Asks: 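Just dropping this structure here.
Nothing here was measured: the structure is a model prediction, and the numbers come from that model. Just so we're on the same page: letters track the sequence lines, and every chain starts at 1. Only this structure's heavy atoms are used, side chains among them; waters, hydrogens and symmetry mates stay out.
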There are 4 protein chains.
Amino acid sequence: MANTRRPASQRSTSQRSTRKRRADGEESRRRILDAAAEIAGERGYDGTSIGEVSARSGLPASSIYWHFANKDELIAAVIERSFERWLAAVELPGPEVGDAGERVRTMAVGLAKALLDTPDFLRLGLMLALERRPAEPTARTKFLQVRQITRERIAEAIRELTPELPESSVRALTTYAMAGADGLFIAHELDGDDTDLVALFELHARSLSDATARELDTHRSNP
Amino acid sequence: MANTRRPASQRSTSQRSTRKRRADGEESRRRILDAAAEIAGERGYDGTSIGEVSARSGLPASSIYWHFANKDELIAAVIERSFERWLAAVELPGPEVGDAGERVRTMAVGLAKALLDTPDFLRLGLMLALERRPAEPTARTKFLQVRQITRERIAEAIRELTPELPESSVRALTTYAMAGADGLFIAHELDGDDTDLVALFELHARSLSDATARELDTHRSNP
Amino acid sequence: MANTRRPASQRSTSQRSTRKRRADGEESRRRILDAAAEIAGERGYDGTSIGEVSARSGLPASSIYWHFANKDELIAAVIERSFERWLAAVELPGPEVGDAGERVRTMAVGLAKALLDTPDFLRLGLMLALERRPAEPTARTKFLQVRQITRERIAEAIRELTPELPESSVRALTTYAMAGADGLFIAHELDGDDTDLVALFELHARSLSDATARELDTHRSNP
Amino acid sequence: MANTRRPASQRSTSQRSTRKRRADGEESRRRILDAAAEIAGERGYDGTSIGEVSARSGLPASSIYWHFANKDELIAAVIERSFERWLAAVELPGPEVGDAGERVRTMAVGLAKALLDTPDFLRLGLMLALERRPAEPTARTKFLQVRQITRERIAEAIRELTPELPESSVRALTTYAMAGADGLFIAHELDGDDTDLVALFELHARSLSDATARELDTHRSNP
DNA sequence: TATGAATGAGACTTCATTCAT
DNA sequence: AATGAATGAAGTCTCATTCAT
């Protein structure tokens, strides 16, 4: 009842500030995400332990839980940020220059370079995506969503270049386009840096152009 | 009261089936490998726990250690057996029939079918391969070896078909061949069963034939 | 991105209501006590966490520590307020009307109704009281004090009604009176609302009257 | 493998077998239950930590999980064993001797003595029962079941003694009987050992007899 | 050819509390 | 009159592994 207008806890004069000088949430959050991205990119979902994130970020484990509700949300945030960076790294093709094949090749080179710059995104994403655990991690869902969006963009680009193409062909070509990208990325990851990713993406672009042309031919003769 | 001799966390879990009580080493080993393969195919290396393998195989954890030295060797054995099955599933192309393109296409279809039959091999393998942990699991090494052998076979096939091709081209084409296979497998895993893996592998075979031809042309004009 | 300033575990939890942002100490204190009373009444001392109080009150944990020195004092304050409300809910018997038995019955009914109105007080109190932890929480002490005062009042009432009764009998009857109240409350809590608390308290009042009369007889013949 | 046959006189005396000489599951289980019962009887469900059980039983926390699937099952097992012991402690009334009142009194004294002997059962049970947490612990359910059985037995005894009594009266009297027992137990727990539990239970038995007689009268005149 | 029982280390997460602002 | 951010300790539980039998 008698409410003394004072903080309920009494103040001590000893000022041993082992504590951080100034709490900076944004900075801490960033450090946690950096550490988590690093580890998750190396070891996948299960291999990423909060303890290790704590060790690498320099923040105690309990602090991680101030910023992220749980491990699931942390990894999901990693994927999210990773995707944003990857998107930023992709050089969007400039104004429509050259023929269809030329444009496809330009896009392919852009993708290859982005993958070289920000490989964590796809590496972690693929690790997550290949898993089939009963309780699907949020991060996996997030990656699959992003992937779906990417698919849709590719399909749109194909439709724009070859409007006559039937939808089934568009879908097959989209799948093939993405498969090449995924596969070449993996090749580069596994077989080391001597894999010339840019050249191989150009090769893939050429394959796609040719395949598109073939599909178009088939469609025209078998309408 | 009913004190069955299992860890408490596994008591009262309905067993897979009433099992024969006769001790049979080969059978036990098989059951452990089956369980481990199932789990590892779903959850990767870190996600596979001895406890879960014990639960799914119906054998106590200590029995797993009678058959395998440790988790690492268990997963390595999974990869090994998985690879053997995958090899057996690949329909080797019969005696040289048809032209080069035809032969490539036949091989591609064989690969696609094998992947559909025994997908665990590549799924687990890729999960392992994408990881970059400091202490490399034996299973990963094993998978990479197997992969290397496969690469070598593909390269050999290419060399045989087009002996003139310079080694750099052979390597690029090999990488591209494997990349397509990996990527298409992933597409099929992620985008569901409506991805026509066989058709896409045929498409890829065609791309490879064309690319090989192009490389040959380039080489002939720029010797 | 939307970085509301709450611990991550509480973000996106739908707030109880849109709250006025004006700082109002009295109102905040009330909200904290409400939340704490709710939780402590459900889960007892150990089961009441500051985090949960924070979540249910909508105030950050640190704010709770502005109003209360620590968890112990918070729960003590809960007991205190709860007791005040309970006291207010007890309908004090009017001026001496009717015979002794009648008056006892009226008091009993008053108690029963108060228990129905403010059950948290006794529920939490009993939970605390039954514990025997080494470091006795302030709240427990507080409840036991309140209980002792109540005992004293009952004893006083008995002495007033039957001044001849020896102290040992007064004590026994007091204990029995309280025991009945406690026990009937528990019965009502456990066995649901179909327990007619008022009728049972009347039954108990009658038992007490009779027991008192018996004790008196015994005393008169064995002085 | 290397056969370390040695004369007994040369065997090293430092026999640091940190491991238990012989694993004895039954004994360990008992020790864990003893420790858990002790703590749970003192501090309730939430107040019982596996760490403390580990410390008091001398077994590592992980060993506790070999014997019990989780904390919930551990506490449930405590209640179960506790109830068995309590049942064994209750002296069942001998062959029907004396009148109804006499028999009721004998039963009451038996109950009182059992409560004095094995107080943990009811103390923990009541603590659990008073809680209202969303996820009901198994132990609480178990206690409520046991309590229901006890109620049924009391009701049966009342029906046997006074077969004419309508069911509503039987139910009220049963509730009152249990309430007295609960309340007196609490009184004894809180107000110390100077509460003469046996005498108070006899008082309660008398109240019950009288109340039963009254109910019977009421029923006979208002059939 | 197993397996019941155990165990230290470490997993994720919550705890009560602090303090600079 | 608060509160964002942090933190060490402790919470429950799982981990891979061992070993006597």
Side-chain angles (χ1 to χ4, degrees), chain A residues 5-7 9 11-12 15 17-29 46 49-52 59-67 69-72 74, chain B residues 3-7 9 22-26 28-29 46 49-54 59-67 69-72 74, chain C residues 3-7 9 22-29 46 49-54 59-67 69-72 74, chain D residues 17-29 46 49-52 59-67 69-72 74:
Chain A
R5 300 290 86 191
R6 257 159 222 260
S9 53
R11 299 149 286 173
S12 74
Q15 282 283 69
S17 111
T18 42
R19 227 162 239 274
K20 282 271 138 46
R21 233 57 66 185
R22 227 175 73 78
D24 181 351
E26 216 55 59
E27 154 83 357
S28 294
R29 196 184 137 94
D46 282 300
S49 81
I50 299 293
E52 183 67 13
L59 289 160
S62 51
S63 292
I64 294 172
Y65 283 87
W66 200 91
H67 293 278
N70 49 41
K71 178 172 158 173
D72 204 43
L74 169 58
Chain B
N3 202 346
T4 47
R5 301 295 83 203
R6 306 259 102 203
S9 54
R22 189 169 64 82
D24 177 350
E26 214 53 57
S28 292
R29 198 186 135 94
D46 281 299
S49 78
I50 299 292
E52 181 69 11
V53 174
S54 158
L59 291 163
S62 49
S63 293
I64 295 171
Y65 281 86
W66 195 91
H67 289 279
N70 50 38
K71 176 173 160 175
D72 206 41
L74 168 59
Chain C
N3 201 346
T4 48
R5 299 297 83 202
R6 308 259 99 205
S9 54
R22 186 169 66 82
D24 177 349
E26 215 53 57
E27 154 84 356
S28 291
R29 199 185 134 93
D46 282 299
S49 79
I50 298 293
E52 181 68 11
V53 174
S54 157
L59 291 162
S62 49
S63 293
I64 294 172
Y65 281 85
W66 196 90
H67 290 279
N70 51 38
K71 176 173 160 175
D72 205 41
L74 168 60
Chain D
S17 68
T18 40
R19 228 161 239 272
K20 281 273 136 47
R21 231 60 62 184
R22 226 177 72 81
D24 180 350
E26 217 55 57
E27 154 84 357
S28 294
R29 197 186 137 94
D46 282 300
S49 81
I50 299 294
E52 182 67 13
L59 289 160
S62 51
S63 291
I64 295 173
Y65 283 88
W66 199 89
H67 292 278
N70 49 40
K71 177 173 160 175
D72 204 42
L74 169 58

Asks: Please report, rounded to the nearest Å, how far the P atom of F/dT12 is from the CG atom of D/D72.
Replies: 12 Å
Asks: Mind checking side-chain contact (heavy atoms from CB on, under 4.5 Å) for B/N70 and listing every partner two or more places apart, or none if nothing turns up?
Replies: B/Y65, B/D72, B/E73
Asks: Search all heavy atoms of B/A61 against all heavy atoms of B/S54 and return the closest pair with its distance.
Replies: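 Heavy atoms of B/A61 and B/S54 come nearest at N-OG, 3.6 Å.
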Asks: Among F/dA6, F/dA2, E/dA2, which nucleotide has an atom closest to any side-chain atom of B/H67?
Replies: E/dA2
Asks: Once you round to the nearest 0.5 Å, how far does CG of B/L74 lie from CZ of B/R29?
Replies: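 Here the interatomic distance stands at 9.0 Å.
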Asks: So which heavy atom on A/I50 is nearest to which on A/K71, and how close?
Replies: CD1-CB, 4.1 Å
Asks: Closest approach to the side chain of D/S63, judged atom by atom: which nucleotide of F/dA5, E/dT7, E/dA2 is it?
Replies: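 Nearest to the side-chain atoms of D/S63, counting from C-beta on, is E/dT7.
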Asks: Only Watson-Crick and G-U wobble pairs, only distances under 3.5 Å, only runs of 3 or more: what stems does that leave for DNA chain E?
Replies: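 E:2-21 with F:2-21 - these are the stems of 3 or more pairs that involve DNA chain E.
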Asks: In whole Å, I'd like the distance from the CG atom of C/L59 to the C1' atom of F/dT3.
Replies: 10 Å
Asks: Rounded to whole angstrom units, what separation is found between the CD atom of A/E27 and the C1' atom of E/dA20?
Replies: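 Spelled out: CD on A/E27 to C1' on E/dA20 is 17 Å.
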Asks: Take the protein atom CG of D/D24 and the nucleotide atom P of E/dA6, then report the distance between them rounded to whole Å.
Replies: 8 Å
Asks: Would B/V53 and B/L59 satisfy side chain to side chain contact (heavy atoms under 4.5 Å, CB included), going step by step from the backbone distance to the final call?
Replies: CA-CA 8 Å; B/V53 174; B/L59 291 163; over 6 Å; no
Asks: Only counting residues at least two apart or in another chain, list the ones meeting side-chain contact (heavy atoms from CB on, under 4.5 Å) with D/S49.
Replies: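 Once residues adjacent in sequence are excluded, the partners of D/S49 under the side-chain contact (heavy atoms from CB on, under 4.5 Å) criterion are D/E52.
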Asks: Answer yes or no: is there a donor N or O on one side and an acceptor on the other, between the side chain of A/S28 and the main chain of A/D24, under 3.5 Å?
Replies: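 Yes; at least one donor-acceptor contact below 3.5 Å.
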Asks: Without decimals, in angstroms, what is the distance between C/W66 CH2 and E/dT21 C1'?
Replies: 15 Å
Asks: Measure from CG on B/L74 to P on F/dA16 and round the result to the nearest Å.
Replies: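 That distance rounds to 10 Å.
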Asks: Enumerate the protein-to-nucleotides 9-11 of chain F contacts in which both atoms are nitrogen or oxygen and the separation is below 3.5 Å.
Replies:
{"from": "F/dG11", "atom 1": "OP1", "to": "D/S49", "atom 2": "OG", "distance (Å)": "3.3"}

Asks: Of B/Y65 and A/N70, whose closest DNA chain E nucleotide lies nearer the 5' terminus?
Replies: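 Result: B/Y65.
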